[in-house]
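Notes follow once the structure below has been shown.
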Amino acid sequence: MSQMTADQYRAHLERTRRHPALAADNIHLPAGSGTKLSALCFGVALAGLALTLLGAVVVNVKHALAAYQVGVMSVLAIALGSLFMIMIFNLVNAGWHGTVKRQWEHLFSMLPLCVLLVFPVLAIEVIRAVVAGDSGRDGFLLFEWLNPAISGTFLIEHKAGFLNAPFWLLRFVLYAAIWIFLAQRLYSLSKQQDLTGDRWLSQKARFMSGWGTLVLALTSSFAAFDWMMSMDYRFFSTMWGVYYFAASAGASVATLVIVLAILRGMGRLTGAVTDEHFRDLGKFLFAFSVFWAYIGFSQYFLIWYANIPEETAYYLRRMTGGWEALSFFLIAGHFVVPFVLLLFKPVKHSTLGLALVAGWLLVMHVLDMFWIIRPMVYVQDWASLNPGPTGWWVDVAAIVGVFALFAGVLIRKIASGPLVAANDPYLHESLKHKNYVG
Amino acid sequence: MSIVSGIADYFPFVVRKPPARFRTEDDRPVHGIMAEYDSAADVYHAAEQVRDAGYTKWDVYTPYPIHGMEHAMGVKRTFLPLVVAGGGFTGVGLGFLMQWWISGVDYPLMKQGKPYAAWEPFVMVSFELGILFAAFTALFGMLALNGLPRWHHPLMLKERFLRASDDRFIIVIEAEDKKFDPDATVKLLEDAGSSRVDLVEDE
């Protein structure tokens, strides 16, 4: 593109825009669509979060917080994964993703909401720790290291420089600032290009993506340490950040597939997002499902071999007391089933087929977060490793509530503008994208 | 190339090559008919006509890959991926079985107090063997399905055929094809825009 003169480039954009798939009614939703659906989502979200609050009162504050955290970390993963994908595509000057790019941008522009959703957990935990003071009993907090009663004990001693409330909150501000900056800037560059058709905006986005991927990799890893791994302050795993990344990239592709399948079901994006794009997204789903299993096994394997009590406790907890059923279900559901299904071309080529696999993988993603966070609730209380069915409705309410909120905002975003970044310099490549193999 | 004549190429003492369907006037077996085209577009459209005429034993030779040629030729999707999957899973299974037998049955050694037949350390070697078997099946399966390697091919004796790696786009229809007919096939290729049609002889 950069070799073209300004006039040539303008002519190139004109030519691309005349493509029949870019007709106005194909890349716009009818005015006012989605308002009812998003209102319904907000209603569900309100009910779900209210029920969570009720759960905090009648069941257990810690339980409700954990349930809510499962939902939040799941949607945060979707947004972070999308930011990563778009930055990688910018870096490699990808052409094929031109017509699906805008939906990915919608997904990562949800980051401000996701970050906002994380904050209450941190705030409530810090407040509970401060209020309880030295009288806090063992296992009273979800983030146990906040408890003043355990400060100075051997295993927390060396980590206290990192795991302390002020630095924890400061890190939250840092991650939030970086993510919101990256997301808003990339989103606004792309939206600006919609209006002006300036090709150098893509170069700016590309430049940002260079340092952006590095910063995102570090911040998302540390956020995963801070908001999930540190729930058991004795536990540590250097692969934790990669594990969360693997989960987030997969969740992002799965959500994108569902969004695109719904838009195609509404008769939009005909000829713009084709079976060929779906096939490539299917390959991504396959790859990230395998990558998740690879990282998950590597983490387990290192801990199994080293056999250090602080680390093995993590897996011991998930292989006893009823949790082992979920562990094995995750291996089968998050890896084996999608692995076999996505090997077949007809599954990847069919909108409905791939959407079903993506939906399944998204459920598995939530269960994965649930598997990580939920056993921490009764972590100190070895006598009741299996909390049993008590309070399961709190988990359902919190997860559904958070996802409904996410969906409500997302629907509004999608309905608010064109469904395709119509002035993307490489859009013509995406419009004629084909898999020449098989 | 039928299966029998393919085997006969390698093991002439096992099966005899079936006699050629057509022979030249000086009694040499006919391999097929070769038609030259001047451009990628010409050969593409000619291939579509040959495909629509129902030929099965033929091929297109070009100096560079032409996108979409597999559609113009009506090439069916290969079943090689299924074979590769079979090879991969066999590798995983054999790798697991081997290690289980060595560590768990034949020569159990106590290591770090872990169970003898713990599955965890077996995963890596099983995985690697799965990759190895899959890669080998992919490579050798591809070669076998393509009838490679081979000592000789009748086309290699044809001087003009060598231009397929330079500036000519060539279609060869083999005499083994059921639809092959000395007159009709030549006419088809000429009508499709061939600049020159030649007979390819076998020995």
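Owing to the predicted nature of the structure, the values given are computational and were not obtained by experimental measurement. So you know, we letter chains A, B, ... as the sequences are listed, proteins then strands, and number each from 1.
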Non-hydrogen atoms of A:Trp304 and B:Ala118 that approach each other most closely: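 Reported closest heavy-atom pair: CZ2-CB, 3.5 Å.
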
Measure B:Pro81 against the heavy atoms of chain A and call it side chain, backbone, both or neither at under 4.5 Å.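 Interface part for B:Pro81: neither.
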
Surrounding NZ of B:Lys187 (heavy atoms of other residues, nucleotides or ligands, distance under 6.0 Å), is the total greater than 12? no

Does CH2 in B:Trp100 sit with more than 12 non-hydrogen atoms of other residues, nucleotides or ligands closer than 6.0 Å?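 It does not: B:Trp100 CH2 has 12 such atoms or fewer within range.
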
Within the 4.5 Å heavy-atom criterion, are B:Val123 and A:Phe297 side-chain neighbours or not? yes

Heavy-atom side-chain contact between B:His67 and A:Lys434 under 4.5 Å: no

Please identify which of these residues, B:Glu120, B:Gln112, B:Lys111, meets the side-chain contact (heavy atoms from CB on, under 4.5 Å) condition with A:Tyr305. B:Gln112

